[in-house]
Every structure is written in structure tokens, then in C-alpha cells.
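Here the structure is a predicted model, which is why all the values come from computation and not from measurement.
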Protein chains: 2
Amino acid sequence: MADLLSVAKLAGVSRATASRTFATPERVSPATRRKVEDAATQLAFRPNKVARQLRARATKMIGVMVPSLNNPVFAEQLHAMEVAAREAGYSLIVTTSGYDPSREQAIVEEMLSQRVDGLALTVAVARDSAVLTTLQRETTPCLLVYNPPHPGGLPAIGVDNRAAMAEATRHLIALGHRHIGMVAGPLLQSDRARLRYAGYRQAMREHGLAPQPLIEMPRHTQAELACLAPALAGPNRLTAVLCTNDLLAISLIGELQRATFSVPDDLSVMGFDGIDLGRRLYPSLCSMEQPRIEIGRAAIASLLAMIQGQSPPLPFLPHALREGESVGAPPTSRQAPTLRSPQRNTP
Amino acid sequence: MADLLSVAKLAGVSRATASRTFATPERVSPATRRKVEDAATQLAFRPNKVARQLRARATKMIGVMVPSLNNPVFAEQLHAMEVAAREAGYSLIVTTSGYDPSREQAIVEEMLSQRVDGLALTVAVARDSAVLTTLQRETTPCLLVYNPPHPGGLPAIGVDNRAAMAEATRHLIALGHRHIGMVAGPLLQSDRARLRYAGYRQAMREHGLAPQPLIEMPRHTQAELACLAPALAGPNRLTAVLCTNDLLAISLIGELQRATFSVPDDLSVMGFDGIDLGRRLYPSLCSMEQPRIEIGRAAIASLLAMIQGQSPPLPFLPHALREGESVGAPPTSRQAPTLRSPQRNTP
DNA sequence: TCGCCCCATGAGATCGATCTCATCGATCAC
DNA sequence: GTGATCGATGAGATCGATCTCATGGGGCGA
């Protein structure tokens, strides 16, 4: 591939002049500019960004690490980040960690070695994370996405998980629900889920209701009906559940319906995240929406500001309740519907 | 940030020796190695990949361009690519094009300038695409993902869309359906959708059935019931529809149910892609599955092979029918259910 | 006409690592 | 003992663009 030097030679000028032709054309005489441009076209010259990055000591690249791209929450946020970054002339290096601390460590190390200008990370638990304490000593701007901020920790952007889940809980209470449960994935693996559970308990207590023990599923995004079954029987059976994320809620609704439970007539199910798909389903998913697009955009904007040495305000972004058909008033009859064994036609 | 030179100085050796300590430690005496490693630790040395890339004329980076990350098909495939690339020591630069040709052009140009070692692209229509003909003249290995191959065109990886949709159609025919329709997004925008429609027509004709005109929705991933309504009325109303992708199918099922249609009792709905979420829904989505994980992995493996100068075999990867509750036998009664106006509790 | 300034341009250093080639001392075979 | 070999190391070039500083010529005011 042709380089600046060959272009300069062909045009009969120095490298400096050729370089100026592209960087600051107004500082080159029109005649020379023409010659250089012609030579560049002829040789199919394409500037080498790597060389520029080395010299500039800046890569115009931002490293992004998310747990997974299989969860639309992260994919949708990443999409927004990519668009925002591109608009600002930045590229993204994208990696997935699967919440695995050793992978997180390797990824961050690799990206710092690549000299990204900034880092946007989502980790399992931000507090006391080994990677993050290492990072705090580095000079590369770094921002946590979705993870809650901690005093003395890295800057973070996302919603106020505790307040958001409290609000979601109050929404159910306002509809008349009294027996409300919460369903989560492995709790230890997500600081957000823990805050959401705290928000739930808080709202319950505020209204003089007893917070129920957490119903913990073996996986983050797939519901096991067996884990929930005990809570759906007996006189104090739940009439509504809050899920820590939308995928979990969607899969739970599917399982319930397959067991001939009606949502929301027998059980109201509420999600958290507000992924696009939730609106398309029937019943549409009632969810506490995190502004994924805004979070992605704001993350990029904040990182760019940090790169320029500013420390941008990073308030929580506003969450919003999204109504949906998966939540309704509690059943008037207190008779428990029975979970029937599902008839599937899938193998 | 400390560089090799300062490490070398502190250790009292030359840059060459310091460099060897990390690249080929066996060629450095143990004593020297120790000194250099100590110095590196002390200075928190982290090798600069940009410099290495410049010198090596190779970046160990692969550029990926997908239309969108909001569609799980692309997100899931990208996830697989990221894992495979990381295992091979490569990073991904990820971009989204929104199928916009000018953005496609700019993105490819930018990535070539970044000197990625390979490119994995998904475009709207591969044939006669301006970007792609430009790319064929370049030496950077480039691979189309999901797009169908064309003689003399760029290498491509994906499933045989025509055969796959023909098979999907035969599945419905085998269940007894005779009035089968096909629902798509804007057809001109996707060469895959066109092939799928061709496969549908082929299978219909094979069985002496009349292919129906395509039911074209204004958007790729969101169904408008109004577009479908005419085909659901009258004596020859459809008993089954094939959708060009899963998101479209899922959203269609939602709309149908909201209008008190039963899936599959009143209408069988089949998807195409096989995204993970489809299995979790009720009814679970019957779909023709593209092996997204395998496609992502194979794309990376093939690109790596191409980077090494080999031209790997790129057969179609096998598609697979995924059974699901959204498809069943056609209704025995020929009386048409009526589409009722939906009662939503969402605004 | 002289001097000053500005504009266009070029020479050379620089970013940080790696690669080639030369050197030097030690070991080994004969 | 001497030449050959090998292992460890260093000097210097190199990747490709950009930045600084110097230079030379033209224009302009006095």
C-alpha cells in the first residue's frame, strides 16, 4: 500500500508538504496541493492511522467491555455507543467478559496496551473489583456503565437501581398487589441486582408490606418454573413478581403460560431494562426502562470530556416506568390456579 | 507511561535486549532477564501495541461491520466472533451501518486506513455493491457474513437461504398447510430476504401450490397487522405464514394475539434465524435456524486463514429446522376467525 | 533600494518497538 | 594453540506520519 513518502516523491515534494496537503490544505499552495492530490489518487494512497496514532500518542479508539452481547440490554447500549463514537470520529474496540474476572483483567490489560483513549466497562460487581482498583491508578479515562458508583471509585453512569426498583414495586402496590415477590439470577454476580432487591424491600416496608425472600434462579436470563412454584401456592401466594431483567421476565412469562397460568390474570410479571422486544410481545412486557440509548450516548460523551481533561457531571440518568399488558390488578378470587405440567410440542 | 527505552536504561541494557526479554525470553541470559523484568515492574511498563503494529505492519485487529446490533441475530453472531477472535489473539473493531451505503463506504475506508488485518462485513445487497467492488481491488482479506456468495464476488459465509426457506416451507406443507404466505421487510434492502422468497416459491411450486404474493411490511423487524389482514380473510385465507426473520415473526405473533387470533390454532407463524429468545416464548417460535455461533466462529477462522494466504473452503453452513409451538396443523374448520381490534393497556 | 514579514516548503527529529547485522567473549574440536 | 561456533548483547535502521524549526523568495512599507 502506497505511503506518504511515495506520494511525495511522485508529486516532487517533501513528505512534510504531502502531509500538510491532507492535514492543513490551506497551508499549501493550490498548485502543489493539486500535484499531491493527483499523486495520491494515482497511487491509491490511504493514510496509515497506526503511524498517526503512534506519533500523536492518541488512538481515537475507545475500549468497550460488556458481559455479553446476547443480552439486548448490552447490545442496544453498544449500538448507541457505536453511533455516538463514530460521530465524534472515534472507533470502538468491543470485548465480552462473561463476568469472568480473569478475562476482565486480560481484556483491560490488552486494551491499555492498545492505548485506547478511554474505557467503558460493565463489570459484575464494581466494588472491590481487582481490575478496577488497578485501573484507578492508570491515567486512561475509564467509566463504568450500568454499575453503581461508589465513593472513591471510578465514575459510573446508569440509573439509580435502588430507586428504580422501588418505583416499580410501588407501581404494583398501587395496583392493589400485596403479595409481591422478586425473581433474580445469581445475586452475587451483579451489584445492580442487589441494589434492585434493596429497592424492592424498601418500597415494601414503606407500605407496611413484608418483603419476600428473593427467588433466585440458577441463570441470569432464563427462568426455572420450579424455583417459583412454591411461592405460587398457598393462601399467601404471590400475585405479582418483579424480575431483575427483561429476559428473565420474558422467559418466566413463557414458562407460566406454558403451564396454563395466565399473565397478568393469575400473576403479574414486571421486568427491568425495557428492551425493545418487550413492547412487541403479547402480553407486552411491563418494565422499568433504563434509557439504554441515552446511557450509551452519555457514556461516550462523558469519556470524550474526560479525555479532554474535564470531569463531566455524571448524575443518574432517569429511569421510566413502561406500562405493559403483563401487569394488571391482582386476581379478585383468592383461589390459586394450579400449575399444570406443560404440553410442549418442542422436543 | 513507561516505554521500553526507560526500562532498558533502568536495567542497564540496550533496547534490543529489553525487547528480547519479552518477545523471546529464551534468548536472554537469566540474569539479564531478571534485571529487565524488575525494571519493567518498577516502572509499570506496558508494551505499546501501536508501535508494534506499525513495525510489524499488522494490527491483529479485525474490522466488523453489521447493519445493527439491535437485532439479536447480529449481536449473537458478533458475540461468537469476539470470543473466537480473542482466542486467536485478535481484537475486533465493531461498527454498524444501518444498511446505509454511504456509511458503509466510510466505515470500510476508515477500517482500511486503520490497517485491520481482515474485514467481516454484512451488507444489504452484496451484488453490485459499490463498496464491495472497491474492496475486491484491495489486498486486505475480506469476508461477507450472511450475504450470499456471487461468482467472481467476495467470499461469503452463511446458510443457503434459498434451500433453507424451501425446507421451512415444506415443513408447513407437510403439516397439511396449503395456503401459506410469506411476510418480509422492505425486500429490496436485503438480498437474503429475496433468496428466501425464491426458496418459498420454489417449494410451493414443487408441491403444486400457488405461491402467494409477498406481504411486505414497512419495517424489517416490526409487523403491521394491517398489511396482513386482507390475506387472513375470505375463503382462501392463509393458514400459515413464513417470516423472513425472527423479530418480525415475534412481533407478528404479538399483534395477532392482541387481536385475539390464536397462534398456531388460527394461524401458524414460522420465523427465520433461530434467535435464542424464540425458544423462551409461549408459543415458542418455530424457526429455521441459522447457526449464528458457528457462522461467527467460522468467519473468524476463515479470515485468519485468508490472512495467512490460504483460501479456506467456505461451504454453506447447515441450517436446521427448529420446531416450536407457533406452528401446528391447519385449522379444520374453514371458518375464518375475525381480527378484533386489540385492547391494549399500553399507551 | 533596504529591511521586515509572511508564506510555502524542506530537513530532520520523533513516537516506541522490532529486526538485522555486527561484535565480543567463551567454549569446543582438532 | 588456533580457528570455528555459539550465545549474549548492542548499534542502528525501520515502520509511516507529523511536528518543529530553518530557509528562501516575494511583497510591501519607508
Side-chain angles (χ1 to χ4, degrees), chain A residues 1-37 39-40 43-61 89 109-117 139-140, chain B residues 1-37 39-40 43-61 89 109-117 139-140:
Chain A
M1 187 151 306
D3 62 352
L4 239 191
L5 183 53
S6 23
V7 171
K9 275 188 190 152
L10 181 60
V13 300
S14 70
R15 280 170 312 165
T17 301
S19 175
R20 272 187 286 258
T21 306
F22 303 109
T24 51
E26 71 281 3
R27 294 186 45 200
V28 174
S29 75
T32 311
R33 194 188 309 170
R34 190 70 211 288
K35 278 190 300 181
V36 175
E37 282 165 354
L43 296 174
F45 168 69
R46 179 174 291 124
N48 185 323
K49 283 214 168 189
V50 178
R52 194 198 307 252
Q53 288 164 351
L54 176 60
R55 174 65 228 228
R57 298 160 141 280
T59 52
K60 290 245 173 192
M61 301 207 291
E109 195 59 39
E110 142 91 24
M111 286 179 160
L112 289 175
S113 204
Q114 180 61 59
R115 297 298 192 270
V116 293
D117 291 343
T139 55
T140 307
Chain B
M1 190 154 302
D3 63 352
L4 240 192
L5 184 53
S6 22
V7 172
K9 274 186 191 154
L10 181 60
V13 299
S14 70
R15 278 170 313 163
T17 301
S19 176
R20 273 187 285 257
T21 306
F22 303 110
T24 53
E26 70 281 3
R27 294 187 44 202
V28 174
S29 74
T32 311
R33 194 187 309 170
R34 190 70 212 287
K35 276 191 300 179
V36 175
E37 282 166 354
L43 296 175
F45 169 69
R46 180 174 291 124
N48 184 325
K49 284 215 167 186
V50 177
R52 192 197 310 249
Q53 288 163 351
L54 176 60
R55 174 67 227 231
R57 296 160 142 281
T59 51
K60 291 250 177 188
M61 301 207 291
E109 194 59 38
E110 143 90 24
M111 286 179 160
L112 289 176
S113 205
Q114 180 60 57
R115 297 297 191 271
V116 294
D117 291 344
T139 55
T140 307

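- In this structure, the CG atom of B/Leu112 is 16 Å from the P atom of D/dG16, given to the nearest Å.
- For A/Phe22 and D/dA17, the CZ to P distance is 9 Å, given to the nearest whole Å.
- The two residues A/Val116 and A/Thr140 have their closest heavy-atom pair at O-CG2, 3.6 Å.
- Between D/dA17, C/dA17, C/dT9, one nucleotide has an atom nearer to the side chain of A/Arg52 than all others, and that is D/dA17.
- Here B/Val28 lies in heavy-atom contact (under 4.0 Å) with sugar-phosphate atoms only.
- Using a 4.0 Å heavy-atom cutoff across all strands shown, A/Phe45 reaches sugar-phosphate atoms only and no base atom.
- Distance from the side chain of A/Arg20 is smallest to D/dT20 among D/dT18, D/dT20, C/dA17.
- A close approach under 4.0 Å does occur between a side-chain nitrogen or oxygen of B/Arg57 and OP1 or OP2 of D/dG16.
- Distance CZ (B/Arg34) to C1' (D/dT9): 20 Å, rounded to an integer number of Å.
- One atom, CZ of A/Arg46, and another, P of D/dC15, lie 20 Å apart when rounded to the nearest Å.
- Under the 4.5 Å side-chain criterion, counting only non-hydrogen atoms from C-beta, A/Lys49 is in contact with B/Glu110.
- Side-chain contact between B/Gln114 and A/Val50: present, with at least one pair of heavy atoms (C-beta onward) separated by less than 4.5 Å.
- In the set D/dC19, D/dG10, C/dC15, the nucleotide with an atom closest to the side chain of A/Ala16 is D/dC19.
- Looking at heavy atoms from C-beta onward, B/Val28 lies out of side-chain contact with B/Val36 at the 4.5 angstrom threshold.
- Below the 3.5 angstrom threshold, one finds no donor paired with an acceptor across the side chain of B/Arg55 and the base of D/dG16.
- When each of A/Ser29 and B/Ala51 is assigned the nucleotide of DNA chain C with its nearest heavy atom, A/Ser29 is the one assigned upstream, toward the 5' end.
- For A/Lys49 and D/dC15, the NZ to C1' distance is 18 Å, given to the nearest whole Å.
- Summarising the geometry, the separation between CD on B/Gln53 and P on D/dA17 is reported as 15 Å, rounded to the nearest angstrom.
- Along DNA chain C, the nucleotide nearest A/Glu26 and the nucleotide nearest A/Leu54 are compared for position; the residue whose nucleotide lies closer to the 5' end is A/Glu26.
- Closest approach to the A/Asp3 side chain among D/dA11, D/dG16, D/dT18 is made by D/dG16 (side chain taken as heavy atoms from C-beta onward).
- Evaluated for a side chain to side chain contact (heavy atoms under 4.5 Å, CB included) with B/Arg20, the options B/Arg27, B/Arg15, B/Glu26 yield exactly one hit, B/Arg27.
- Nucleotides of DNA chain D nearest to B/Arg27 and B/Arg115 differ in position, and the one nearer the 5' end is that of B/Arg27.
- Following rounding to the nearest Å, B/Leu4 (CG) and C/dT18 (P) show an atom-to-atom distance of 6 Å.
- Atom pair A/Arg15:CZ and D/dG16:C1' shows a separation of 9 Å (rounding to whole Å applied).
- A close approach under 4.0 Å does not occur between any side-chain nitrogen or oxygen of A/Thr17 and OP1 or OP2 of C/dT9.
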